[in-house]
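Encoded as structure tokens, the structure appears first; notes follow it.
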Amino acid sequence: MPPRLIIFDCDGVLVDTEALANTRLAEVISDAGLPITMVECRKRFVGLSTRTVREQLISENGIELGEDFVERWNRSLPALFGENLKPVANIGQAIDAVRAANIPYCVASSGKIEKMHLTLGATGLLHYFEDVLFSAYSLERGKPFPDLFLHAAATMGVEPEDCVVIEDAVPGVQAGIAAGMKVFGYCGDPLTDADGLAASGATNFNDMNQLPNLLKLQ
């Protein structure tokens with residue numbers, strides 16, 4: 001049977017932000033005293049909130065990006081993404097298939113609501129999700145803890161075991177599995193840690209055109 005609720009991650013699943021964001025994040029961290037490449041930055045921090053990134057750098061490396069880092073980062077996003085941001089390939093068709101099957105869906109992201117409005121708006125996807133956006137910033141704990149996905153499911157009135165999560169990052173897969181949900185790991189980006197997703201419990205796929213079949217919509 002198809003799921004009763006489909007929960008999409010945002011960055012890397014709906015919008016192709018990862019390369020742009022991690023290139024800039026690597027520059028910020030390097031300037032703060034910890035040399036790091038975009039690929040290293042992405043591998044270490046993908047799927048985490050900027051709040052968690054700052055906390056990890058303090059605890060693990062003694063690097064402080066500043067108490068206002070999250071605010072500064074969010075202010076920089078419009079200029080960072082500009083006109084270069086694109087939706088993930090074939091995601092529009094996948095969403096249309098979900099809508100045609102009349103299955104509820106939402107977004108649960110480590111990013112702030114304002115960031116989702118920016119990225120989904122820039123890629124023409126906001127009208128699909130405007131009223132069903134959930135952010136880890138509304139909770140004490142983000143991914144890899146299950147809190148965000150459980151909050152989204154409860155708000156949408158669906159039991160966790162009836163939900164499917166679409167993720168591209170190990171912390172997100174870990175969060176979905178910990179919430180008791182089925183997780184599909186999107187690996188369309190060559191830098192995605194496909195082995196890590198699978199080891200964390202995801203069923204991997206490479207093209208959003210495969211999603212309707214995986215969800216048993218067709």
Side-chain angles (χ1 to χ4, degrees), residues 3-15 17-18 21-22 25 41-60 65 67-71 73-74 77 88 98 103-120 125-126 128-186 192-193 196-204 215:
R4 293 188 55 220
L5 176 67
I6 300 167
I7 305 177
F8 292 91
D9 178 43
C10 189
D11 295 307
V13 170
L14 300 177
V15 291
T17 54
E18 296 294 358
N22 282 284
L25 184 58
C41 189
R42 177 166 175 173
K43 183 177 180 180
R44 179 173 174 183
F45 298 119
V46 66
L48 301 178
S49 68
T50 47
R51 177 178 62 189
T52 302
V53 170
R54 175 179 174 248
E55 292 169 352
Q56 281 195 8
L57 287 168
I58 292 171
S59 63
E60 298 175 12
L65 299 181
E67 292 185 0
D68 64 340
F69 168 64
V70 173
E71 289 71 22
W73 178 259
N74 286 318
L77 294 181
V88 165
V98 170
I103 296 177
Y105 59 89
C106 64
V107 179
S109 172
S110 294
K112 287 193 169 186
I113 295 291
E114 294 82 359
K115 179 187 176 185
M116 287 185 268
H117 275 269
L118 171 66
T119 58
L120 293 171
L125 299 175
L126 183 59
Y128 288 120
F129 299 104
E130 194 163 11
D131 298 323
V132 286
L133 299 174
F134 299 94
S135 168
Y137 279 87
S138 67
L139 305 169
E140 289 294 322
R141 306 188 303 179
K143 305 170 187 179
F145 297 100
D147 307 30
L148 178 60
F149 290 136
L150 292 174
H151 170 65
T155 303
M156 300 291 288
V158 179
E159 295 297 320
E161 60 267 27
D162 295 323
C163 300
V164 166
V165 170
I166 316 299
E167 266 286 353
D168 73 318
V170 169
V173 174
Q174 293 171 334
I177 295 297
M181 301 176 181
K182 172 79 172 178
V183 182
F184 291 115
Y186 175 63
T192 298
D193 182 7
L197 299 185
S200 298
T203 299
N204 288 354
L215 295 171

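Side chains are part of it too, since the values below use all heavy atoms of this structure and drop only hydrogens, waters and symmetry mates.
- Every residue meeting the ring pair (Phe, Tyr, Trp, His ring centres under 6.0 Å) condition with Tyr105, not counting sequence neighbours, appears here in chain and number order: Phe129.
- With a 4.5 Å cut-off on side-chain heavy atoms, Leu133 and Val107 count as touching.
- Note that the CD atom of Glu130 and the CE atom of Met116 stand 12.0 Å from one another [nearest 0.5 Å].
- Within 6.0 Å of the CD atom in Glu67, the count of heavy atoms belonging to other residues, nucleotides or ligands does not exceed 12.
- Smallest separation of non-hydrogen atoms from Gly47 and Pro171: O-CB, 4.4 Å.
- For the residue pair Gly111 and Ser135, the shortest heavy atom distance occurs at O-OG, 2.7 Å.
- Contact check for Met181 versus Val158: no side-chain heavy atoms found under the 4.5 Å cut-off.
- Rounded to the nearest 0.5 angstrom, Glu18 CD and Thr192 OG1 are separated by 8.0 Å.
- Looking only at side-chain heavy atoms (C-beta outward), Lys112 and His117 stay at 4.5 Å or farther from each other.
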For a side-chain contact (heavy atoms from CB on, under 4.5 Å) check, start with the C-alpha distance between Phe8 and Val132, then their side-chain angles and the critical distance, and finish with the verdict.
CA-CA 10 Å; Phe8 292 91; Val132 286; over 6 Å; no
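- Looking only at distances, no side-chain donor or acceptor of Ser49 sits under 3.5 Å from a matching main-chain atom of Ser110.
- A donor-acceptor contact closer than 3.5 angstrom links the side chains of Thr17 and Asp11.
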Go through Leu65 and Trp73 one step at a time and tell me if the side-chain contact (heavy atoms from CB on, under 4.5 Å) criterion holds.
CA-CA 10 Å; Leu65 299 181; Trp73 178 259; over 6 Å; no
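- With contacts defined as side-chain heavy-atom distances shorter than 4.5 Å, the pair Glu140/Phe145 does not qualify.
- Nearest heavy atom pair, residue Tyr137 against residue Val70, reads OH-CG1, 3.8 Å.
- Atoms CZ and CG, on Phe184 and Leu215 in that order, are 5.5 Å from each other to the nearest 0.5 Å.
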Kindly indicate, with the supporting measurements, whether the criterion side-chain contact (heavy atoms from CB on, under 4.5 Å) is fulfilled by Cys10 and Leu120.
CA-CA 8 Å; Cys10 189; Leu120 293 171; 4.1 Å; yes
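- Pairing each heavy atom of Lys143 with each of Gly172, the nearest pair is CD-CA, 3.8 Å.
- Annotation for Gly185 and Ala202: closest pair N-CB, 3.8 Å, computed over non-hydrogen atoms.
- Note that the CZ atom of Phe69 and the CG atom of Leu25 stand 5.5 Å from one another [nearest 0.5 Å].
- Separating the OG atom in Ser138 from the NE2 atom in His151 is a distance of 4.5 Å, to the nearest 0.5 Å.
- Between Gly12 and Asp168, the shortest heavy-atom contact is CA-OD2, 3.4 Å.
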Worked verdict on Arg44 versus Leu57 for side-chain contact (heavy atoms from CB on, under 4.5 Å):
CA-CA 11 Å; Arg44 179 173 174 183; Leu57 287 168; 4.2 Å; yes
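- One finds the CD1 atom of Ile7 at 8.5 Å from the CG atom of Leu150 (value rounded to the nearest 0.5 Å).
- Each salt bridge (Lys or Arg N to Asp or Glu O under 4.0 Å) pair with one or both residues in residues 49-59, not counting sequence neighbours, appears once here: Arg54-Glu64.
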